[in-house]
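Below: one structure, written as structure tokens.
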Amino acid sequence: MTAIKLIDNVRLMSTEALRQVAADADGEYVMLCSAAVDVVFGEGAVLRFCQVADMTGADMVYSDAFGHPLIDFQMGALRDDFDFGQAMLFRVSSLKAAVAAMSVDRQFAALYELRLAMGSKVHINEPLYTARELDTRKSGEKQFDYVDPRNRAVQIEMEEVCTDYLKKIGAYLAPAFKEPDLGADAPEVTATVVIPVLNRVRTVGDAVASALAQKADFKFNVIVVDNHSTDGTGELLEAIAAKDDRLIHVIPERTDLGIGGCWNAAVNHPKCGLYAVQLDSDDVYSGPDTLEKVVAAFREQKCAMVIGAYQMTDVNMQPIPPGVIDHREWTDENGRNNALRVNGLGAPRAFYVPLLRQIGFPNTSYGEDYAVGLRICREYRIGRIWDVLYNCRRWDGNSDAALSQDKVNRNNLYKDRIRTWELQARIAMNR
């Protein structure tokens, strides 16, 4: 027998509500569905859920919906917003055991705790039901939900659940850090602004101007890696470089580089400074003191990476929602553990170049910075600057403004893979 339980908000369940589900469950399986989306199962769909659970011995089974494909679960799929769809089948014995082991009452994170406790989670890549889409916003509007202050109570619970889970599997890292030798073989240039660019003639001139306008008591330069632009970006950069030799215009020999590969070209350039500071070709620094603040943070916080805060604006630099993105969820005590739960670490990012040259970026155009950030904080402290350091300009040319579901899935699958590898490395390091 399979009971179907309709839950007002499946994702944000309380422990009390989950205990009631466990108490009422008397068959082999129970299906949890969202009451708010009008789930309609296809012909034989519930039977198909049960068949797959029987064949695989899974503790939890989820499927695609019509028009909404999902991705496979893996070890590193620790995001509390991992999309299991609107219908999830649980083996009753596994659910009851997991609920009985829950020692803390949660208001929001009980389902997150439950699915982490499930030993085997199987994705049926068949559309077995239809459901109304609850969130019709574009991808660029959804991506900052986890740093919205209005969601802070939810995020605190989710962090606690994730941290407890990391401790159980041996992946938790205590707040003890190596200190990089920040004075070793210091080059003449202290800081280098790195700007990868491809066909951004409309915005890259503003980015370069804001970098060259920095005021500092140390030498700095700007390396723009032009990934074979064809829209006049290269000619614009050459014109600026002719007037200011602090701008180094690099066109890589390779034609197969993503953003990560462009970063590698910049940080391995002989004129790259001791610290490499990120600036996207769409964006501008918010003031002339950004580099001074970043370098001071490296020295004061004894860290290998520094992350600041930024203001969301339109292309004319007028503030737009959600406003300031500062990742206040980060703490020195637990930031590197919580980093495995959230989908990004913030910006602008800056790196200690001697260490970055050893690690290197993956040659991708998505998640490359997240991968490096996770690798660095496995051993080293990430310093934080809570001041707004740049304006992140949103316009119709942004690469992440409105992604298709397939592209969102590919991006999420890759970041989950990054987390899987990092989890395995942390477990091995703890052993």
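Between the side chain of Q278 and the main chain of A347, no donor-acceptor pair closer than 3.5 Å is present. A donor-acceptor pair is defined here as one N or O able to donate and one able to accept, closer than 3.5 Å; such a pair exists between the side chain of N199 and the backbone of D231. Formation of a donor-acceptor pair under 3.5 Å by the D369 side chain with backbone atoms of R349 is not found in this model. Side-chain atoms of N337 do not come within 3.5 Å of backbone N or O of T163 as any donor-acceptor pair. Of the possible donor and acceptor atoms, one in the side chain of N430 sits under 3.5 Å from a partner among the backbone N and O of Y172. For the pair Q86 (side chain) and A131 (backbone), a donor-acceptor distance under 3.5 Å is absent. Under the 3.5 Å distance criterion, the side-chain polar atoms of D59 are matched with a main-chain donor or acceptor of S120. Side chain of Y366 to main chain of I259: no donor-acceptor pair is present (N/O by atom type, distance under 3.5 Å, no hydrogens or angles). Using a distance-only test at 3.5 Å, with no hydrogens or angles considered, no donor-acceptor pair links the side chain of T15 to the main chain of D105. Of the possible polar contacts, one joining the T290 side chain to the L389 backbone as a donor-acceptor pair under 3.5 Å is found.
Atom-to-atom distance recorded for Q358:CD and Y352:OH is 9.0 Å, nearest 0.5 angstrom. To the nearest 0.5 Å, atoms CD (Q20) and OG (S14) are separated by 10.0 Å. Distance check, rounded to the nearest 0.5 Å: CZ of R426 to CG of L166 gives 8.0 Å. In this structure, L95 CG and R115 CZ are separated by 15.0 Å, a value rounded to the nearest 0.5 Å. Note that CD1 of I71 is 8.0 Å distant from CG of D83, once rounded to the nearest 0.5 Å. Rounding to the nearest 0.5 Å gives a distance of 10.0 Å between CD of Q311 and CD of Q318.
Contact check for N343 versus R79: side-chain heavy atoms found under the 4.5 Å cut-off. For the pair F82 and K121, the minimum side-chain heavy-atom distance is 4.5 Å or more. A 4.5 Å side-chain heavy-atom check between V99 and V21 finds every atom pair outside the cut-off. T192 has its side chain within reach of N221: a pair of non-hydrogen atoms, C-beta onward, lies under 4.5 Å apart. Proximity of V92 to E28: side-chain heavy atoms (C-beta onward) are nowhere separated by under 4.5 Å. Using a 4.5 Å heavy-atom cutoff, the side chains of Y380 and F177 are not in contact. Side-chain contact between R419 and Y370 is present, with at least one heavy-atom pair separated by less than 4.5 Å. In this structure, the side chains of L6 and C33 come closer than 4.5 Å at one or more pairs of heavy atoms.
Evaluated for a side chain to side chain contact (heavy atoms under 4.5 Å, CB included) with M158, the options V161, V154, I156 yield exactly one hit, V154. Between R375 and the options L355, I359, I418, a side chain to side chain contact (heavy atoms under 4.5 Å, CB included) holds for only I359.
Taking the charged nitrogens against the carboxylate oxygens, R106 and D164 do have a contact shorter than 4.0 Å, which makes a salt bridge. Taking a cutoff of 4.0 Å between a charged side-chain nitrogen and a carboxylate oxygen, R11 and D81 do not qualify as a salt bridge.
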Practice problem: Check step by step if side-chain contact (heavy atoms from CB on, under 4.5 Å) holds for L111 and L32. | Solution: CA-CA 10 Å; L111 183 70; L32 300 187; 4.2 Å; yes

Exercise. Quick one: do V222 and L279 satisfy side-chain contact (heavy atoms from CB on, under 4.5 Å)? Show the steps, please.
Key: CA-CA 10 Å; V222 181; L279 181 59; over 6 Å; no

Quiz item: Should I385 and V294 be marked as a side-chain contact (heavy atoms from CB on, under 4.5 Å) after you check the CA-CA gap, both sets of side-chain angles, and the distance that decides it?
Solution: CA-CA 8 Å; I385 300 174; V294 168; 4.2 Å; yes

Practice problem: List the steps and the verdict of side-chain contact (heavy atoms from CB on, under 4.5 Å) for R200 and D282. | Solution: CA-CA 7 Å; R200 286 291 185 269; D282 300 305; 3.0 Å; yes

Exercise. Decide yes or no on salt bridge (Lys or Arg N to Asp or Glu O under 4.0 Å) for E379 and K178, but give the supporting numbers first.
Key: CA-CA 6 Å; E379 297 181 86; K178 293 181 181 179; 2.5 Å; yes

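Environment of CG in D8: sparse, with no more than 12 heavy atoms of neighbouring residues, nucleotides or ligands closer than 6.0 Å. For Q51, the CD atom sits in a packed shell: over 12 heavy atoms of surrounding residues, nucleotides or ligands are nearer than 6.0 Å. Summarising the local packing, CD of E126 is surrounded by more than 12 heavy atoms from other residues, nucleotides or ligands at distances under 6.0 Å.
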Check residues 249-258 and write down every donor-acceptor pair under 3.5 Å in which the side-chain atom is one partner and the other belongs to a residue at least two apart or another chain.
residue : atom : partner : partner atom : Å
H249    : ND1  : E238    : OE2          : 2.5
H249    : NE2  : D226    : OD2          : 3.2
R254    : NE   : D256    : OD1          : 2.8
R254    : NE   : D256    : OD2          : 3.4
R254    : NH2  : D256    : OD2          : 2.7

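Residues V30 and A25 come closest through the heavy atom pair CB-CB, 4.4 Å. Heavy atoms only, all atoms of each residue included: W263 and V277 are closest at CH2-C, 4.2 Å. Between R91 and A58, the shortest heavy-atom contact is NE-O, 3.0 Å. Across A53 and V61, no two heavy atoms sit closer than the pair CB-CG2, 3.8 Å. Considering every non-hydrogen atom in both L70 and S63, the closest pair reads CD1-O, 3.2 Å. Summarising the geometry of D283 relative to C392, their closest heavy-atom pair is OD1-CA, 3.4 Å, with the distance given to 0.1 Å.
The ring of Y275 has its center closer than 6.0 angstrom to the ring center of F298.
Ring orientation note: the planes of F84 and F73 are close to parallel, at an angle under 30° on the 30°/60° scale. The aromatic rings of Y390 and Y310 lie parallel to each other, their planes meeting at an angle below 30°, with 60° marking the opposite boundary.
If you check the side chains of R417 and Q74, you find a donor sitting under 3.5 Å from an acceptor. N391 and S286 share no side-chain donor-acceptor pair at under 3.5 Å. In summary, the side chains of N334 and E159 do present a donor paired with an acceptor at a separation below 3.5 Å, with no hydrogens or angles considered.
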